[in-house]
Colleague: 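Got a structure for you, written out below as structure tokens; questions coming shortly.
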There are 2 protein chains.
Amino acid sequence: MRERSASAAGLSEGARTLPTRLPKVRRVTTADAVFHRLYDDILALRMPPGMALQEKKIAEQFGVSRTPVREALLRLSEGGLVDIYPQAGTVVSRIPVSAIPEAVVVRKALEAATVERAARIATDHDVERLDAIIARQKALAALGDTSSFHEEDEAFHEAITQIAGYPGIWTILKTVKVQIDRARRLTLPVLGRMDHVVQEHILIRNAIAKREVEGAHRAMMHHLGAVIPDVEELRTRHPDYFC
Amino acid sequence: MRERSASAAGLSEGARTLPTRLPKVRRVTTADAVFHRLYDDILALRMPPGMALQEKKIAEQFGVSRTPVREALLRLSEGGLVDIYPQAGTVVSRIPVSAIPEAVVVRKALEAATVERAARIATDHDVERLDAIIARQKALAALGDTSSFHEEDEAFHEAITQIAGYPGIWTILKTVKVQIDRARRLTLPVLGRMDHVVQEHILIRNAIAKREVEGAHRAMMHHLGAVIPDVEELRTRHPDYFC
DNA sequence: CGCCGCAAATTGATATACTAGTATGGTCAA
DNA sequence: TTGACCATACTAGTATATCAATTTGCGGCG
């Protein structure tokens with residue numbers, strides 16, 4: 001990279017009309033598609049921690065060029081899902097043991113602040129949204145559809161951030177939740193766990209509906225405290241998945 | 001993108017030896033350099049909100065190809081510093097007014113959890129690190145070097161996250177702090193503000209040194225509460241910088 | 001004045017080639 | 001046998017040229 005004194009040069013020169021359009025809908029690019037495919041594969045452990053990846057091979061498998069694959073891998077590396085070693089290789093990142101408790105701390109801190117605000121300003125319509133999600137979860141739990149259940153679980157927490165008016169917090173929560181969820185995938189499915197989750201969601205919903213700020217906080221903390229994976233146990237069963 | 005049944009195909013086939021090496025030092029790539037240059041220019045308002053950017057022009061100005069510039073812009077867009085409109089253009093993102101209070105909430109929640117843990121487990125050596133930073137800040141405040149002062153300010157907060165054992169939280173804090181800092185750059189420099197910051201840092205340091213968890217929390221909240229920019233006032237003075 | 005359509009501009013994606021670090025595996029010497 | 005060393009293959013990083021897809025802006029037409 002050549003030296004250049006002022007990188008902000010040409011500030012006024014071009015000064016052409018800038019896109020006045022607002023947000024718009026970002027269309028789904030090839031890079032997005034590749035990203036989500038890899039994201040799902042990693043989260044579902046179809047690509048286990050430590051697995052070697054290659055831009056070239058992935059590009060061939062997906063029938064695309066290296067460019068979008070590369071952009072997808074870069075996004076994954078920012079999210080801590082892959083580790084890129086320049087000029088050497090790329091691997092699905094092993095789960096850093098220390099990251100799990102840290103992720104739990106972040107999640108508790110942010111979900112606490114969010115649910116408290118939600119309990120303060122929620123409208124009746126907002127509560128109805130939560131009810132709709134809970135209803136779907138009940139049905140999915142009865143069917144035993146764990147995958148769809150998990151999607152609705154995410155929807156529940158996302159809805160709370162939207163009610164609170166903190167949509168950006170959900171973005172942060174998603175990234176930290178990934179590490180937790182990845183570890184939880186390694187645990188054995190507990191019988192009746194989905195029913196417990198639904199019950200906890202109902203408690204949170206009720207506290208929000210009654211505008212009980214402190215109660216909503218407690219219900220959320222209880223909910224989050226129940227899902228901490230036993231890292232030590234996992235580490236002994238899957239030693240090569242952690243580092 | 002062609003359809004493909006199993007994106008995780010070839011899981012066992014290649015199974016070649018994966019980079020056994022640990023972390024290593026990621027060397028600084030061209031894309032990294034471009035990213036940091038643009039990052040600094042945007043944060044310093046040398047590239048003001050709303051300014052149009054072009055991959056091609058930036059590439060020419062920096063003397064590099066479009067590839068690394070493109071990667072840098074993608075990273076910036078994830079951080080909310082630029083908005084990319086496909087097939088239309090890229091602009092330095094205007095500051096979303098709603099993002100400021102949200103960023104403050106996130107920062108308070110995470111810094112609270114962090115400083116509390118730091119106050120619990122800090123060693124004498126850790127406190128010395130904080131003292132060293134504070135000493136440098138005193139000197140820089142006396143010199144009136146606001147730029148270097150700000151760097152040490154970041155170092156102070158980063159050090160607390162390291163003491164708490166939550167390095168990942170600092171990564172999150174950096175991204176949310178950017179929006180706040182960008183808005184603060186628009187405020188007039190307040191006389192003696194740096195001295196106030198130093199005093200507040202000292203209060204935080206003292207609480208940590210005495211292992212006063214609750215006191216550390218209060219000191220941090222007081223510190224963070226003092227730096228909330230007056231969004232409304234800014235919006236009237238720089239209407240085209242917000243949206 | 002308003003609508004339509006075309007040309008220009010810009011990002012998205014592809015293909016290819018080359019560069020520069022990195023790991024591998026084998027050779028050779030202690 | 002063990003250790004260091006070196007040639008080689010391999011991979012991500014960058015460069016470049018080109019085309020595709022889409023939006024924007026402008027000019028002309030009704």
Side-chain angles (χ1 to χ4, degrees), chain A residues 1-2 10 13-38 50-78 82-93, chain B residues 1-2 10 13-38 50-78 82-93:
Chain A
M1 180 168 165
R2 273 208 313 267
E13 73 162 55
R16 41 176 292 290
T17 58
L18 32 98
T20 53
R21 286 307 221 160
L22 281 194
K24 279 283 181 183
V25 276
R26 276 208 62 164
R27 49 181 274 272
V28 177
T29 67
T30 306
D32 288 327
V34 174
F35 171 81
H36 284 110
R37 292 279 291 271
L38 295 176
M51 176 181 176
L53 301 177
Q54 293 176 31
E55 293 181 356
K56 202 175 176 181
K57 275 192 181 175
I58 296 173
E60 289 171 359
Q61 287 178 4
F62 286 178
V64 300
S65 70
R66 268 181 67 193
T67 308
V69 172
R70 183 173 171 71
E71 290 175 2
L73 289 175
L74 286 170
R75 283 177 62 186
L76 289 169
S77 81
E78 286 187 57
V82 304
D83 293 326
I84 300 176
Y85 300 95
Q87 277 78 39
T90 303
V91 298
V92 178
S93 68
Chain B
M1 182 170 163
R2 275 208 311 268
E13 74 161 52
R16 38 177 299 290
T17 58
L18 33 98
T20 54
R21 288 309 224 156
L22 280 195
K24 277 284 181 182
V25 274
R26 275 209 62 165
R27 51 180 274 271
V28 178
T29 66
T30 306
D32 287 327
V34 173
F35 171 81
H36 284 109
R37 292 277 292 271
L38 295 176
M51 176 180 175
L53 300 177
Q54 294 177 28
E55 295 179 355
K56 201 176 177 183
K57 275 191 181 176
I58 295 173
E60 289 171 0
Q61 288 177 4
F62 286 178
V64 300
S65 71
R66 266 182 69 192
T67 310
V69 172
R70 183 171 173 72
E71 290 176 3
L73 289 175
L74 285 171
R75 284 178 62 185
L76 289 169
S77 81
E78 286 188 59
V82 305
D83 292 326
I84 300 177
Y85 300 94
Q87 279 76 43
T90 303
V91 299
V92 178
S93 67

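Here the structure is a predicted model, which means the values were calculated and not measured. Heavy atoms only: backbone and side chains are in, while hydrogens, waters and symmetry mates are out.
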Colleague: Asp83(A) CG to dT11(D) P: how many Å, rounded?
Modeller: 18 Å
Colleague: Applying salt bridge (Lys or Arg N to Asp or Glu O under 4.0 Å), name anything that partners Arg66(B), two or more places apart in sequence or on another chain.
Modeller: Glu55(B)
Colleague: So, Arg75(B) and Asp32(B), do they make that salt bridge, N to O below 4.0 Å?
Modeller: yes
Colleague: Starting at atom NZ of Lys56(A), determine the distance to atom P of dA17(C), rounded to an integer number of angstrom.
Modeller: 11 Å
Colleague: What are the two closest non-hydrogen atoms of Asp83(A) and Ser93(A), and how far apart are they?
Modeller: OD2-CB, 3.3 Å
Colleague: Hey, is the side chain of Thr30(B) poking within less than 4.0 Å of OP1 or OP2 on dT14(D), counting only N and O atoms?
Modeller: yes
Colleague: In whole angstrom, what separates Glu71(A)'s CD from dT14(D)'s P?
Modeller: 13 Å
Colleague: Roughly, in whole Å, what's the span from CD in Glu55(B) to C1' in dA15(D)?
Modeller: 15 Å
Colleague: How far does NZ of Lys56(A) sit from CZ of Arg70(A), to the nearest 0.5 angstrom?
Modeller: 15.0 Å
Colleague: Mind checking Leu53(A) for me? I need base, sugar-phosphate or nothing, with any heavy atom below 4.0 Å counting as a touch.
Modeller: sugar-phosphate
Colleague: How many whole angstroms separate atom CG of Asp32(B) from atom P of dA12(D)?
Modeller: 16 Å
Colleague: Less than 4.5 Å apart, side chain to side chain, heavy atoms only: is that true for Leu74(A) and Leu74(B)?
Modeller: no
Colleague: Just the rounded figure in Å: distance from P of dT14(C) to CZ of Phe62(A).
Modeller: 13 Å
Colleague: What nucleotide, of dA15(D), dT14(C), dA12(D), holds the atom closest to the side chain of Ser65(B)?
Modeller: dA15(D)
Colleague: Out of the candidates Leu38(A), Val91(A), Leu73(A), Ile84(A), only one should pair with Leu53(A) under the side chain to side chain contact (heavy atoms under 4.5 Å, CB included) rule; please name it.
Modeller: Leu73(A)
Colleague: Hey, does the side chain of Thr90(B) come within less than 4.0 Å of dT10(C)'s phosphate (OP1/OP2), counting only N and O?
Modeller: no
Colleague: What is the distance from CD of Gln54(A) to P of dT22(C), rounded to the nearest Å?
Modeller: 17 Å
Colleague: Please confirm whether the shortest side-chain N or O distance from Thr29(A) to OP1 or OP2 of dA13(C) is below 4.0 Å.
Modeller: yes
Colleague: Picking from dT16(D), dT14(C), dG13(D), which would you name as closest to the side chain of Arg70(A)?
Modeller: dG13(D)
Colleague: Find the distance Ile58(B):CD1 to dT14(D):P and express it as a whole number of Å.
Modeller: 16 Å
Colleague: Return the CZ to CD1 distance between Arg37(B) and Ile58(B), rounded to the nearest 0.5 Å.
Modeller: 11.5 Å
Colleague: Rounding to 10 degrees, work out the angle separating the end axes of the helix from dC1(C)-dG30(D) to dA30(C)-dT1(D) (five pairs an end).
Modeller: 10°
Colleague: Report the distance from atom NE2 of His36(B) to atom CG of Leu76(B), rounding to the nearest 0.5 Å.
Modeller: 9.5 Å
Colleague: What pair of heavy atoms forms the shortest contact from Ala72(B) to Ala31(B), and how long is it?
Modeller: CB-O, 3.9 Å
Colleague: Enumerate the protein-to-nucleotides 17-22 of chain D contacts in which both atoms are nitrogen or oxygen and the separation is below 3.5 Å.
Modeller:
| from | atom 1 | to | atom 2 | distance (Å) |
| --- | --- | --- | --- | --- |
| dT22(D) | O2 | Gln87(B) | O | 3.3 |

